[in-house]
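One-based numbering, in listed order, for ligands and for the atoms of each. Any value given below was found using the heavy atoms of this structure, including those in side chains, with hydrogens, waters and symmetry copies removed. Count residues from 1 along the sequence.
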Amino acid sequence: KHGVLTRKSHADMDGKRTPRGRRGWKKFYAVLKGMILYLQKDEYKPDADISEVDLKNAVRIHHALATPASDYSKKPNVLKLKTSDWRVFLLQAPSEEEMMSWIFRINLV
Ligand code: I3P
């Protein structure tokens, strides 16, 4: 699955709240491949190598949990992704249907 997702980091690997200055929203082209959610700067190109930056932004979603971010009301269609290493991301999808589709696909892994 792939599509545009806008990401906000809410908690870091130590489980602590992401500090100010690193809490902004950033738009990515998301690609779910195997157990990894790649958050790429540019649109998916099947044959291109994954860049260093894109690798850094990749999220392992094995044992992760995605749910609608019902406690976040500033933006619509936002899901909350909790990873097995205690990170928490908010991910905004372009529509509710897309949000539900991402949640379903992430939780299937
Ligand atoms: C954050 C940025 C986010 C905002 C966040 C700020 O600043 O303005 O858009 O989240 O508020 O800390 P920075 O880019 O300097 O990290 P919202 O869009 O959800 O308001 P927060 O600290 O209350 O999460």
Trainee: So, is the end of the K75 side chain (NZ or CZ) under 6.0 Å from the ring centre of W25 and within 45° of the ring's axis?
Mentor: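 Cation-pi check for K75 and W25: passes.
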Trainee: So between K74, R22, K26, whose heavy atom ends up nearest atom 20 (O) of ligand 1?
Mentor: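 When every heavy atom of K74, R22, K26 is considered, K74 comes closest to atom 20 (O) of ligand 1.
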Trainee: Go through R17 and H10 one step at a time and tell me if the side chain to side chain donor-acceptor pair (under 3.5 Å) criterion holds.
Mentor: CA-CA 6 Å; R17 184 186 159 90; H10 181 70; 4.9 Å; no
Trainee: Which protein heavy atom lies closest to atom 19 (O) of ligand 1, and at what distance to 0.1 Å?
Mentor: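 Sorting protein heavy atoms by distance from atom 19 (O) of ligand 1 puts Y72 OH, 2.5 Å first.
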Trainee: Apart from V88 itself, what residues make up its hydrophobic cluster when side-chain heavy atoms of I, L, V, M, F, W and Y under 4.5 Å apart count as a link, directly or indirectly?
Mentor: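 Hydrophobic cluster check, V88: no partners found.
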Trainee: How close does the nearest protein non-hydrogen atom get to atom 11 (O) of ligand 1, and which residue and atom is it?
Mentor: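 The answer is K8 NZ, 4.1 Å.
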Trainee: Look at atom 23 (O) of ligand 1 and say which protein heavy atom is nearest, naming residue and atom and giving the distance to 0.1 Å.
Mentor: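 Nearest protein contact, heavy atoms only, for atom 23 (O) of ligand 1 is R17 NH2, 4.0 Å.
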Trainee: Quick check: does any side chain N or O of D14 sit under 3.5 Å from a backbone N or O of K16, one acting as donor and the other as acceptor?
Mentor: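 Side chain of D14 to backbone of K16: a pair is present.
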Trainee: When you measure from the side chain of N77 to the backbone N and O of E96, does any donor-acceptor pair fall under 3.5 Å?
Mentor: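 Indeed, once roles are kept as given, a pair shorter than 3.5 Å links the two residues.
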Trainee: May I ask you to identify the nearest protein heavy atom to atom 6 (C) of ligand 1, giving residue, atom name and distance to one decimal place in Å?
Mentor: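 Of every protein heavy atom, R20 NH2, 3.5 Å lies nearest to atom 6 (C) of ligand 1.
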Trainee: Compare S9, G21, P19, G24 and give the one whose heavy atom is closest to atom 2 (C) of ligand 1.
Mentor: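 Of the listed residues, G24 has the closest heavy atom.
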Trainee: Among all the protein's non-hydrogen atoms, which is closest to atom 21 (P) of ligand 1, and how far away is it?
Mentor: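 Of the protein heavy atoms, R23 NE, 3.4 Å lies nearest.
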Trainee: Does NZ or CZ of K33 lie under 6.0 Å from the centre of the six-membered ring of Y38, at an angle within 45° of the ring axis?
Mentor: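 Output yes; distance and angle both within limits.
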Trainee: Look at ligand 1 and say whether H10 reaches it with a heavy atom at a distance under 4.0 Å.
Mentor: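 Outside the 4.0 Å threshold, so no.
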Trainee: Under 3.5 Å, side-chain donor or acceptor atoms of residues 101-109 against the rest of the protein: list the pairs with distances, not counting sequence neighbours.
Mentor:
| residue | atom | partner | partner atom | Å |
| --- | --- | --- | --- | --- |
| S101 | OG | K1 | NZ | 3.0 |
| N107 | OD1 | A66 | N | 2.9 |
| N107 | ND2 | A66 | O | 2.9 |
| N107 | ND2 | I103 | O | 3.4 |

Trainee: If we count only non-hydrogen protein atoms and require a distance under 4.0 Å, does atom 9 (O) of ligand 1 qualify as touching the protein?
Mentor: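 When distances to the protein are checked, atom 9 (O) of ligand 1 has a heavy atom within 4.0 Å.
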Trainee: For atom 18 (O) of ligand 1, grab the closest protein heavy atom and report residue, atom and distance to one decimal in Å.
Mentor: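 Heavy-atom neighbour on the protein nearest atom 18 (O) of ligand 1: W25 NE1, 3.0 Å.
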